[in-house]
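Working notes for the structure below.
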Amino acid sequence: MREVAIVAAGMSRFGELWDLSLRDLFATAALEAMEKAGADHIDALYVGNMSAGKFVGQEHLGPLMAEAIGLSGVAAGRVESACASGGLALRAGFAEVASGMSDLVLAAGVEKMTDGADVTEVLATAADQELEAYHGVTFPGLYAMIARAHMQAFGTTEEDLAWVSVKNHRHGALNPKAQFRREIKVEDVLRSALVAEPLRLLHCSPVSDGAAAVLLCPLDQARKYTDRPVKLLASGVATSSMSLAGRADPAFLDAVQRSAERAYKMAGIGPGDVQVAEVHDCFAIAEICCLEALGLVERGKGNQAARSGMTALGGRIPVNTSGGLKSKGHPVGATGIAQAIEIFEQLRDEAGERQVQKARIGLAQNMGGSGASSVTHILGRV
Amino acid sequence: MPSPRYWREIPARFRLEACRCTSCGTTSFPPRLVCPSCRGRSLERTALSRTARVITSTVIHVGPAEFQMEAPYAMAVVETPEKARLMTQVVDCDPQSVLPGMEVSLEFRKIRREGKGGILCYGYKAVPRL
């Protein structure tokens, strides 16, 4: 296998972007990445997308997106794993370059969620249709059940959950691309409307439009495109039971653990070596459970991480310095790539006010459904 | 939902049909072609007991369009004595009272109306066990 580097990144703003279509969003991010690298061609394009078919009635995104960036003819295709589609697209690009099949690959993600579709219903397709959605469960409902199981097992409180949102908004306020650039207080979270008990509106990530793209090439060719490449050290993917009822412990995200173990093994590191991380906080409880499954905190101790400051900027291991899905926004197919971009910028000292000093190794973890799929990437300074 | 799909799902939804692995004894719901526990292919049909215990739960305030009229409603992952788990609404009680450990019975109920014709779709819902 060849060593692979990320040489450039591009990203649209995240938010309710009514003036931008699905293809405009994609092209904004993709062209920015290519222009930064000074690349006028690519060998292949992978676009992560959860459900353009249901959100805007558009499937077959490979040729559509190739054409949108003036590269009709190039090898292109769409990759899907619900909210982990972006992470899986990065993995596909990584494998394509590592194998020697291509030398310059664009791995991107895009989602257009605010064009009028019933978002709750579309997102519910990432749950088991026969066993879960049929009965009226929603995504907040599934994570609410994970939260209640965690509360039952470890005494986690609504306030612990609120601290995750407060921390991520504090970070997101510093991110010019974030959907919500404002801080919130614990009381705001606890007073917000109930969505699915015990989760409230401000425990939940928003509905967003957005796109993100990174350019990958072999590490030994990276200097053609940038003087500060970041190495893709490892990629781990894992799955678990599609339905929450099929998991032995609803409070534990076993696919996240497996994807992380595979990535740690490939990188030859352990969780103690990670200095900055983006984890999949689609709901506050998800960040808590992901930290535990990634081994960044002890099992059952994830509920104290945000409250104690450990995962805040300046803490022992800053988590979701971008603002996370909660504050930066969560255009589902784009999220996995956007997470990798935050780590890429951190490892290039480009994160501005959000910069984590001297970080050399960072992790990005992207999850699909109620934890049925997970993709973990580890990036390293060269 | 097209009618062949609804028809196909009747055995599990109406009669709680599951399968039991003859090699490791694991009961899975709904029936599968391979045992999720040991990958055994020798599976026998069985029906789940109509009693269960709540493993975890929530009260949904913002539901899908088809269910919003019922909000707030309780949903839970419940476990039958065969150790099979399923997702279900819990009704005929205060939704706030549905908490882990609660004992329930699984009853045949209407679940939803679908499509422009408003086709009635049935299945199981849990009620508190007295």
Side-chain angles (χ1 to χ4, degrees), chain A residues 54 117-125 127-154 156 192-201 203-204 207 239-252 283 285 289 370, chain B residues 1 5-6 8-10 12-13 26 28-32 36-37 52 54-80 83-91 95-96 98-101 109-112 114 121-126:
Chain A
K54 285 185 89 82
D118 180 338
V119 174
T120 305
E121 190 204 309
V122 178
L123 292 177
T125 62
D128 191 314
Q129 276 299 317
E130 284 182 29
L131 301 177
E132 295 181 318
Y134 180 82
H135 298 277
V137 79
T138 58
F139 255 90
L142 289 166
Y143 278 94
M145 284 187 244
I146 293 173
R148 194 164 269 176
H150 202 274
M151 289 171 157
Q152 187 83 1
F154 304 112
T156 305
S192 63
L194 278 165
V195 176
E197 293 176 42
L199 300 183
R200 295 173 179 276
L201 186 64
H203 290 129
C204 310
V207 172
T239 53
S240 176
S241 171
M242 183 77 167
S243 67
L244 190 59
R247 309 219 193 111
D249 179 357
F252 189 71
F283 299 92
I285 184 63
C289 293
S370 59
Chain B
M1 185 178 296
R5 177 171 177 180
Y6 185 68
R8 221 165 42 229
E9 292 169 359
I10 282 175
R13 296 214 197 289
T26 301
S28 11
F29 176 84
R32 297 175 199 276
S37 179
V54 171
I55 300 296
T56 185
S57 62
T58 181
V59 180
I60 294 190
H61 290 257
V62 182
E66 285 172 303
F67 290 88
Q68 193 52 39
M69 289 287 281
E70 296 169 43
Y73 56 94
M75 295 211 68
V77 172
V78 302
E79 185 176 271
T80 70
K83 302 280 178 206
R85 288 185 181 182
L86 42 94
M87 175 72 70
T88 179
Q89 283 193 30
V90 186
V91 296
Q96 312 276 343
V98 179
L99 293 168
R109 294 288 178 106
K110 186 185 91 182
I111 305 292
R112 63 204 291 173
E114 276 187 354
C121 298
Y122 296 90
Y124 45 83
K125 282 186 184 178

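We name chains A, B, ... by the order of the sequence lines, and we start the count at 1 in each one.
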**Request:** Go through the steps to decide whether B:E66 and A:E121 satisfy the test side chain to side chain contact (heavy atoms under 4.5 Å, CB included), and finish with yes or no.
**Result:** CA-CA 10 Å; B:E66 285 172 303; A:E121 190 204 309; over 6 Å; no
**Pairs of heavy atoms under 4.5 Å with chain A: top-ranked of B:L99, B:I60, B:V77** = B:I60
**Contacting moiety of A:A124, where chain B heavy atoms sit under 4.5 Å** = neither
**Message:** Please classify the contact of B:A74 with chain A as side chain, backbone, both or neither, using a heavy-atom distance under 4.5 Å.
**Reply:** neither
**Request:** Kindly compute the distance separating CZ (B:R112) from OH (A:Y134), expressed to the nearest 0.5 Å.
**Result:** 7.0 Å
**Asked** Which bit of A:L142 comes within less than 4.5 Å of chain B, counting heavy atoms only: side chain, backbone, both or neither?
**Response** side chain
**Asked** So what's closer than 4.5 Å to chain A heavy atoms on B:E79: side chain, backbone, both or neither?
**Response** neither
**Fill in**
Most contact-rich option vs chain B, by heavy-atom pairs under 4.5 angstrom, among A:I146, A:D128, A:V119, A:V137, is A:V137
**Prompt:** Looking at B:K125, B:E70, B:Q96, which one has more heavy-atom pairs under 4.5 Å with chain A than the rest?
**Reply:** B:Q96
**Asked** Which region of A:Q152, side chain (C-beta onward) or backbone (N, CA, C, O), has a non-hydrogen atom less than 4.5 Å from a non-hydrogen atom of chain B, or is it both or neither?
**Response** side chain
**Request:** Check whether B:Y124 gets within reach of chain A through its side chain, its backbone, both or neither, counting any heavy atom under 4.5 Å.
**Result:** both
**Complete:** Answer key: most heavy-atom pairs under 4.5 Å with chain B among A:T120, A:L199, A:T138 is A:T138
**Request:** Indicate yes or no: at least one non-hydrogen side-chain atom of B:R13 is less than 4.5 angstrom from one of A:H135.
**Result:** yes
**Residue A:R247 versus chain B: region with a heavy atom under 4.5 Å** = backbone
**Request:** Could you grab the distance from atom CG of A:D249 to atom OG1 of B:T56, nearest 0.5 Å is fine?
**Result:** 10.0 Å
**Fill in**
One option among B:G123, B:A65, B:P30 has the most heavy-atom pairs under 4.5 Å with chain A, and it is B:P30
**Item:** chain A contact via B:V98 - which portion, at a heavy-atom distance below 4.5 Å
**Value:** backbone
**Request:** Identify the two heavy atoms, one from B:P64 and one from A:G136, that lie closest to each other, and give their separation to 0.1 Å.
**Result:** CD-O, 3.6 Å
**Complete:** Output for pair (A:E132 CD, B:M75 CE), nearest 0.5 Å, gives 8.5 Å
**Request:** Look up atom OG in A:S241 and atom CZ in B:R85, then write down how far apart they are to the nearest 0.5 Å.
**Result:** 10.5 Å
**Region of A:A133 in contact with chain B, defined by heavy-atom distances below 4.5 Å** = backbone
**Asked** Which region of A:A153, side chain (C-beta onward) or backbone (N, CA, C, O), has a non-hydrogen atom less than 4.5 Å from a non-hydrogen atom of chain B, or is it both or neither?
**Response** neither
**Asked** To the nearest 0.5 Å, what is the distance between CE (A:M145) and CD1 (B:I55)?
**Response** 12.5 Å
**Item:** Heavy-atom proximity to chain A below 4.5 Å, by part of B:L86
**Value:** backbone
